[in-house]
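Each chain gets a letter, A, B and so on, in the order the sequences are listed, and its residues count up from 1.
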Amino acid sequence: MDKVLRIDNVSYRYKDAKKDEYVLKNIKYDFEKGKIYAIKGKSGSGKTTLLSLISGLEKRYEGNIYYKDKSLKKMDLDTYRNSNIGIVFQSYNLLPHLNAMENIILSMDISKVKVKDKKKKAISLMEDVGLTSSLAKRRVLKLSGGEQQRVAIARSLSYNPEIILADEPTGNLDKDTENDILNIFKRLAHDDNKCVIIVTHSTNVCNQVDIVYELKKNN
Amino acid sequence: MYIIKNALTSIRRNKGRNLLIGIIIIVISCACAITLAIRESANKVVSAYEQKNPIEVTIGMNRRSLMESLKQDDKSQEEMINAFNEIKEPTEEEIINYGNSNYVKEYYYTYSLGVDAKDLTEATDSLVKETTEVKTEVDTKRRTFPGGDSKFPGGPTSSGSEETTTSRRTTTKKTEKIFNEKASGGAFTLIGYNSYEDMKDFINGNYTITEGEVSSDFNSNSCVISEELAQLNNLEVGNTITVIDTNNDKNTYELIITGIYKENTESSSSMSSMFSNSANNIITNINFVKQIVSNNSDNLTPSITPTFIVNSKDDIEKFTNEIKEKGLSEYYEVTSNIEELENATKSITNVKTFANTFLIISLIIGAVVLIVINMINIRERKYEIGVLRTIGMKKSKVSFQFMLELLTVCMFALLIGSGIGAATSVNVANKLLENEIANTNNEVGDIGKNFGKDNFMPDMDAKKNFKVANVNQINDMNAIVDFKVLGQLFGIGIILTLISSLASMIAISRFSPLTILKERS
């Protein structure tokens with residue numbers, strides 16, 4: 001058991017919510033390396049909120065989240081985000097004024113990862129996720145949705161994090177592309193020993209992952 | 001390093017936005033460059049005037065204080081003049097002592113001595129007091145005669161005597177000359193100068209040589225006399241006059257007339273006076289005056305008129321206090337030409353004030369416009385901020401990158417704006433300096449003429465001594481938009497960028513990446 005992330009009794013409610021109106025209540029999940037997880041639930045069940053808590057984008061919660069037994073509350077969350085986890089969003093969240101390769105290199109620069117040839121590494125990452133090197137210098141807005149998502153995955157892998165968080169990564173994609181992306185995630189988990197956590201409400205995704213956690217409204 | 005790279009990439013890839021910011025900065029910097037250039041030119045004009053007309057402090061009799069003091073004691077005019085004569089003038093040693101002050105840049109003094117002159121028409125403003133003395137002489141005579149009544153000659157003869165008394169009344173009128181001993185002991189005033197630079201009346205154009213010249217040999221027995229004195233006595237350049245020590249008429253001194261001057265001041269053209277104030281002044285050198293003084297054994301004291309040039313306006317009061325502490329009599333007052341100087345530069349100072357106000361307004365408008373543009377820019381780039389923050393870029397680094405982008409655009413725009421501003425401001429500044437330049441160019445020649453020298457071009461040291469401002473014709477951009485102005489412009493640019501970036505920094509620090517990305521989604 002290589003436990004990398006632990007959610008310990010986490011509860012969350014919005015700032016303006018009533019005292020007992022929790023979006024998440026006493027959540028306890030464990031995540032291990034080498035496995036692919038899906039967090040499913042209906043809209044408003046708190047899937048994305050949970051992902052925000054895990055990624056350190058939201059700090060105001062009750063309970064604890066541990067990354068390798070270290071509470072996120074005691075960690076520098078910027079460093080945590082640029083070194084320990086990679087985040088993939090449904091809407092890709094790439095920088096439109098940069099090309100595919102620049103987006104990946106920028107992520108490496110921010111994480112301060114030591115790479116001899118960043119361009120070479122970026123192209124290698126793109127190839128890993130099924131992109132040809134000819135797309136490297138293309139502005140991201142000129143790429144298709146599937147290609148943009150692959151660039152986003154390549155970016156999240158650029159500093160070799162142990163955890164990959166994906167928020168509805170296939171939400172904007174067709175079925176074939178969804179399968180392609182899922183295959184990449186599976187490879188990352190099973191071959192590269194990463195912990196992949198996918199927030200989804202897609203049954204197809206849930207059927208292909210190792211463990212599924214289901215969030216229910218007001219649970 | 002990657003922040004700089006990212007900032008430059010961002011500038012390159014967002015041309016439209018940066019072009020808009022650039023144009024606004026160019027307009028602001030152009031306005032600022034012109035304003036700074038005007039301000040700088042105004043400063044140059046003022047400093048040129050100040051160089052040419054230094055702050056002079058002189059010591060003079062405080063007549064009001066003296067009169068009030070004497071009136072309180074209800075004194076007659078004669079007593080007042082005598083009391084006035086009692087007041088001791090500052091000696092040469094005292095003046096040197098006053099001049100050795102930290103507040104004084106330089107000082108000089110002239111010697112004035114009253115003399116008489118042989119065969120020269122005398123002019124005097126003396127007070128003549130007339131006294132009448134009545135003397136009654138009583139004369140008593142005794143007449144004796146042999147026999148008879150002496151009263152009746154030829155009468156009975158008897159011997160006897162007779163007394164006769166006669167009284168004679170004589171009135172004697174005496175005139176007593178009560179005069180101002182400080183002003184002049186004789187009919188003429190010898191004024192001794194040390195050098196050309198001390199001869200302010202000639203430099204300022206109060207006196208102009210009409211014939212001959214002022215001798216450059218300040219050890220010679222030479223002099224210049226007034227036109228009026230020359231006409232009255234049929235004197236010409238090359239003639240010799242003989243001045244006489246008023247205390248000892250055996251001491252006579254010869255002076256060769258090297259020049260004849262006229263007085264150009266308003267007082268000289270007074271309708272109530274036949275002669276100008278300087279009609280009886282014989283201008284010579286200080287050594288000649290000292291020679292007369294040293295040859296006189298009766299403590300002949302010349303009047304010394306000092307002029308102190310102080311460093312700044314603030315030093316006038318400090319210097320006044322200092323010399324009072326050093327023992328300057330309460331009946332003497334310290335006066336300066338500061339009011340005159342300030343009045344002369346008032347119009348240009350107003351231009352400077354206007355330029356300053358315009359600059360401040362331009363900067364405020366510039367700052368507001370930049371802040372607004374920056375805020376719009378930040379709102380537009382909210383998504384970018386959200387992404388950068390999500391992938392782990394620190395708030396400080398995001399702010400720094402945004403500030404760097406703005407700073408780079410600002411600096412480029414400033415360069416272009418200051419270039420345009422410099423080109424435009426040359427005309428403006430030249431116009432502003434036009435009169436001053438013309439005045440200065442004329443002045444060097446005029447000073448020469450005042451001394452009776454046609455080809456008078458003082459060397460650099462002399463030029464400095466004459467306080468001729470070194471104002472050159474502005475014929476290149478550097479003359480106005482120089483490094484100082486450029487430095488000021490870039491300083492302003494950096495301050496404006498920082499101020500406007502501050503707003504974006506606050507915005508960035510308040511943005512939650514999660515909220516931004518949710519809004520985007």
Side-chain angles (χ1 to χ4, degrees), chain A residues 12 14-15 48-60 75-99 101-113 118 139-141 152 155-159 161 165 167-168 171-172, chain B residues 1-22 376-402 404-406 408-409 504-505 508-521:
Chain A
Y12 178 86
Y14 292 115
K15 253 183 189 176
T48 305
T49 305
L50 183 63
L51 195 84
S52 306
L53 300 184
I54 296 171
S55 62
L57 289 169
E58 183 61 79
K59 292 181 268 187
R60 201 180 42 80
M75 285 178 76
D76 174 14
L77 294 175
D78 289 323
T79 311
Y80 170 66
R81 272 201 305 278
N82 66 39
S83 303
N84 306 119
I85 57 160
I87 310 172
V88 180
F89 295 92
Q90 183 180 2
S91 51
Y92 329 124
N93 288 348
L94 297 168
L95 292 172
H97 64 277
L98 301 180
N99 61 35
M101 190 171 66
E102 284 168 343
N103 265 286
I104 297 166
I105 291 175
L106 176 65
S107 186
M108 283 189 233
D109 287 334
I110 292 171
S111 72
K112 291 175 190 167
V113 66
K118 286 181 181 167
R139 294 279 278 271
V140 289
L141 289 179
R155 181 182 66 181
S156 72
L157 296 171
S158 63
Y159 41 90
L165 300 174
D167 183 11
E168 303 274 12
N172 291 342
Chain B
M1 187 62 190
Y2 78 90
I3 295 174
I4 298 170
K5 193 176 80 182
N6 208 30
L8 293 177
T9 310
S10 179
I11 292 168
R12 212 172 51 240
R13 303 269 166 86
N14 296 291
K15 289 189 189 81
R17 183 182 65 209
N18 292 313
L19 202 65
L20 180 71
I21 296 174
I376 294 168
N377 185 23
I378 293 294
R379 283 184 74 83
E380 192 196 307
R381 298 176 71 182
K382 225 173 168 182
Y383 166 70
E384 191 183 334
I385 296 166
V387 172
L388 290 170
R389 293 282 296 117
T390 306
I391 59 176
M393 194 164 171
K394 291 185 184 299
K395 281 176 189 174
S396 57
K397 288 184 175 172
V398 177
S399 301
F400 182 62
Q401 185 195 310
F402 277 53
L404 205 63
E405 284 179 33
L406 189 66
T408 311
V409 175
S504 61
M505 281 177 199
I508 289 168
S509 69
R510 290 177 65 186
F511 283 157
S512 153
L514 196 64
T515 315
I516 296 169
L517 297 179
K518 266 183 190 168
E519 279 174 12
R520 173 81 175 189
S521 298

Given the rule in the side chain to side chain contact (heavy atoms under 4.5 Å, CB included) test, do B:L388 and A:L106 qualify, once you have shown the distances and angles that lead to the verdict?
CA-CA 9 Å; B:L388 290 170; A:L106 176 65; 3.6 Å; yes
Inter-residue atom distance B:I11.CD1 - A:H97.NE2, 0.5 Å rounding
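Separation between the atoms: 10.5 Å.
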Separation of B:Y383 OH from A:N93 CG (nearest 0.5 Å)
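Rounded to the nearest 0.5 Å, the CG-OH separation comes to 4.5 Å.
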With a 4.5 Å heavy-atom cut-off (strictly below), which parts of residues 78-87 of chain A touch chain B? List them by number.
A:D78, A:T79, A:R81, A:N82, A:I87
What residues form a salt bridge (Lys or Arg N to Asp or Glu O under 4.0 Å) with B:K397, not counting sequence neighbours?
none
Contact part of A:Q90 toward chain B, heavy-atom cut-off under 4.5 Å: side chain, backbone, both or neither?
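For A:Q90, neither part sits under 4.5 Å from chain B.
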Which region of A:K112, side chain (C-beta onward) or backbone (N, CA, C, O), has a non-hydrogen atom less than 4.5 Å from a non-hydrogen atom of chain B, or is it both or neither?
side chain
A:R60, CZ atom: more than 12 neighbouring heavy atoms under 6.0 Å
yes
From the list B:M1, B:R12, B:K5, B:K394, the residue making the most non-hydrogen contacts under 4.5 Å with chain A is B:K394
I need the residue from B:I3, B:T9, B:V387 with the largest number of non-hydrogen atom pairs under 4.5 Å to chain A.
B:V387
Interface residues of residues 13-20 of chain B facing chain A - non-hydrogen atoms under 4.5 Å apart:
B:R13, B:N14
Residue list, side chain to side chain donor-acceptor pair (under 3.5 Å) with B:Q401, at least two apart or on another chain
B:N6, B:E405
